[in-house]
Each structure stands twice: as C-alpha cells, then as structure tokens.
Amino acid sequence: LASELSSEKGHAFVEQLHKVQCMLQDVGSNIATPLSSARQAHLKRTSFSERPVLELEQWIDKYSEELPPLRAFILPSGGKSSAALHVSRAVCRRAERCVVPLVQAGEADPNVAKYLNRLSDYLFVLARYAAMKEGKEEKIYIKPEP
C-alpha cells in the first residue's frame with residue numbers, strides 16, 4: 001500500500017520499496033528454514049547476508065541528511081504516502097519482535113533481525129521524507145493533560 005500510494009505521488013524511492021518487498025521474501029524464506037533441522041542445500045539457498053542491512057543504512061543516511069532534525073515525537077501523519085509508511089513501520093516492528101526469539105534460539109540468521117530493525121528505521125525516515133516532499137505537515141505528539 002505504501003509503495004502504491006508513494007508511486008501515485010511520483011516518489012523516486014518507490015524502486016527501493018520494491019527491492020524491500022523482494023528482500024522480505026528472502027526474510028520469509030530464512031525464517032521458514034530452521035537452521036537446526038534444514039538440509040544444507042536449503043540453508044544455502046535461504047541464507048541472509050549483511051549486505052541488505054548495509055544498504056538500508058545507506059538509504060537511511062541519505063534521506064536523513066535532507067530532513068530537519070526531529071525535536072519531538074511525531075504521530076503517523078503527513079499525507080497518505082507518509083501515513084502508509086508509518087503503518088508499514090509498525091508492522092515491521094511487530095515482525096521484528098516475532099523474529100528475535102527465533103534468532104535467539106539459533107533458528108534464524110541474526111541478519112534477518114538486523115534487517116527488520118533497520119527496515120523499521122528506514123520506513124520511519126522515509127515517512128518523514130515523503131511528508132516533506134509532498135509539503136504535508138507532520139503532527140506532533142502532545143501529552144494529554146492528566
């Protein structure tokens with residue numbers, strides 16, 4: 001959804017989102033292939049390297065350089081593209097919480113958890129970037145009065 005909404009707005013990062021979707025297929029393959037019991041041929045085919053993690057970090061740095069500093073918590077906002085990216089980030093965080101026990105048990109590659117962790121950061125930065133590019137305002141969290 002985030003990719004489609006961002007595509008409608010002509011964002012250049014849509015190709016990156018497509019690459020992320022492909023990487024998530026590889027994440028799923030790694031998780032579905034327990035390291036303790038899978039055949040060697042399957043383990044080789046579903047291995048997950050650190051390269052995608054490093055690529056996400058490069059993307060994060062690139063977009064972060066263009067954003068104003070974050071001085072407060074923000075709420076999912078900033079237009080449809082941005083809001084969809086915020087939702088994607090929340091889903092990614094939930095996936096990360098599910099994968100960590102598998103990594104700790106030695107059943108999934110630690111790079112999978114690292115990828116999901118960095119992906120959630122990337123999606124957050126991208127949501128802010130989309131809002132900025134579209135000229136949409138980000139809503140700031142205001143603590144309610146007790």
Side-chain angles (χ1 to χ4, degrees), residues 1-35 38-142:
L1 178 62
S3 177
E4 289 300 314
L5 291 171
S6 298
S7 180
E8 288 175 5
K9 291 293 185 177
H11 288 294
F13 57 75
V14 171
E15 284 304 313
Q16 291 175 346
L17 291 176
H18 178 72
K19 189 169 187 177
V20 165
Q21 287 177 305
C22 293
M23 290 307 305
L24 289 173
Q25 291 293 324
D26 293 342
V27 164
S29 294
N30 184 272
I31 293 167
T33 309
L35 296 178
R39 292 183 301 198
Q40 194 59 37
H42 288 164
L43 291 174
K44 186 176 179 182
R45 199 167 46 243
T46 62
S47 67
F48 198 88
S49 77
E50 188 181 24
R51 188 175 37 235
V53 177
L54 298 175
E55 185 173 45
L56 282 175
E57 289 175 350
Q58 290 173 347
W59 293 347
I60 291 166
D61 291 344
K62 174 188 170 205
Y63 293 113
S64 293
E65 288 173 3
E66 297 186 43
L67 291 170
L70 194 58
R71 301 198 188 287
F73 290 113
I74 61 169
L75 302 172
S77 56
K80 291 178 184 176
S81 300
S82 178
L85 287 160
H86 279 292
V87 171
S88 298
R89 176 181 184 250
V91 172
C92 185
R93 282 281 188 218
R94 184 172 57 222
E96 180 187 8
R97 287 191 303 273
C98 292
V99 166
V100 166
L102 297 174
V103 170
Q104 289 172 337
E107 295 297 344
D109 191 302
N111 285 318
V112 167
K114 288 178 190 174
Y115 184 81
L116 292 173
N117 178 270
R118 301 312 294 148
L119 178 57
S120 65
D121 291 342
Y122 167 73
L123 292 168
F124 178 75
V125 169
L126 209 55
R128 295 195 64 224
Y129 181 81
M132 181 188 75
K133 283 299 192 183
E134 292 178 26
K136 304 284 185 171
E137 187 178 333
E138 293 178 300
K139 292 187 175 127
I140 303 299
Y141 166 78
I142 300 169

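Sequential numbering from 1 along the given sequence is applied to the chain's residues. These numbers were taken from a predicted model, which means no experiment stands behind them.
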Does the side chain of Glu55 reach to within under 4.5 Å of the side chain of Trp59, using non-hydrogen atoms?
yes
Kindly compute the distance separating CG (Leu119) from CZ (Arg93), expressed to the nearest 0.5 Å.
9.5 Å
Heavy atoms, side chains only, cut-off 4.5 Å: are Arg118 and Asp121 in contact?
yes
Quick check: closest heavy atoms across Pro68 and Met132, and the distance to 0.1 Å?
CD-SD, 4.2 Å
Listed by chain and number, what are the salt bridge (charged side-chain N to carboxylate O under 4.0 Å, His left out) partners of Glu134, not counting sequence neighbours?
none
Closest approach of Ser81 and Lys9, non-hydrogen atoms and distance?
OG-CG, 3.6 Å
Residue pair Tyr115 / Asn30, side-chain heavy-atom distance below 4.5 Å
no
When every non-hydrogen atom of Glu50 is compared with those of Asn111, the smallest separation belongs to N-ND2, 3.6 Å
Rounded to the nearest 0.5 angstrom, the OG-CD distance for Ser6 and Glu15 is 12.0 Å
In terms of heavy-atom contacts, Ser77 and Ser82 come closest through O-OG, 2.7 Å
Listed by chain and number, what are the salt bridge (charged side-chain N to carboxylate O under 4.0 Å, His left out) partners of Glu66, not counting sequence neighbours?
none
At their closest point, which heavy atom of Leu75 faces which heavy atom of His86, and how far apart are they?
O-NE2, 4.2 Å
More than 12 heavy atoms of other groups within 6.0 Å of Tyr141 OH:
yes
Measuring from Lys19:NZ to Leu56:CG, what's the distance to the nearest 0.5 Å?
9.5 Å
Quick one: closest heavy-atom pair of Phe48 and Asp109, and the distance?
O-OD2, 3.2 Å
Is the closest side-chain heavy-atom distance between Leu85 and Leu17 below 4.5 Å?
yes
Heavy atoms, side chains only, cut-off 4.5 Å: are Lys133 and Phe13 in contact?
no
Once rounded to the nearest 0.5 Å, what's the spacing between atom SG of Cys92 and atom CG of Leu24?
7.0 Å
May I ask you to test the Val91-Arg94 pair for a side-chain heavy-atom distance under 4.5 Å?
yes
Can you confirm whether Arg128 sits close enough to Leu70 that some side-chain heavy atom of one is under 4.5 Å from a side-chain heavy atom of the other?
yes
Distance, nearest 0.5 Å, that separates CZ of Phe124 from OG of Ser88:
14.0 Å
Is there a donor-acceptor contact under 3.5 Å linking the side chains of Asn117 and Glu96?
yes
Quick one, Met23 and Val112 - any side-chain contact, counting heavy atoms below 4.5 Å?
no
Stepwise salt bridge (Lys or Arg N to Asp or Glu O under 4.0 Å) check, Lys80 with Glu8
CA-CA 10 Å; Lys80 291 178 184 176; Glu8 288 175 5; over 6 Å; no
Would you say CD of Glu4 has more than 12 non-hydrogen atoms from neighbouring residues, nucleotides or ligands within 6.0 angstrom?
no
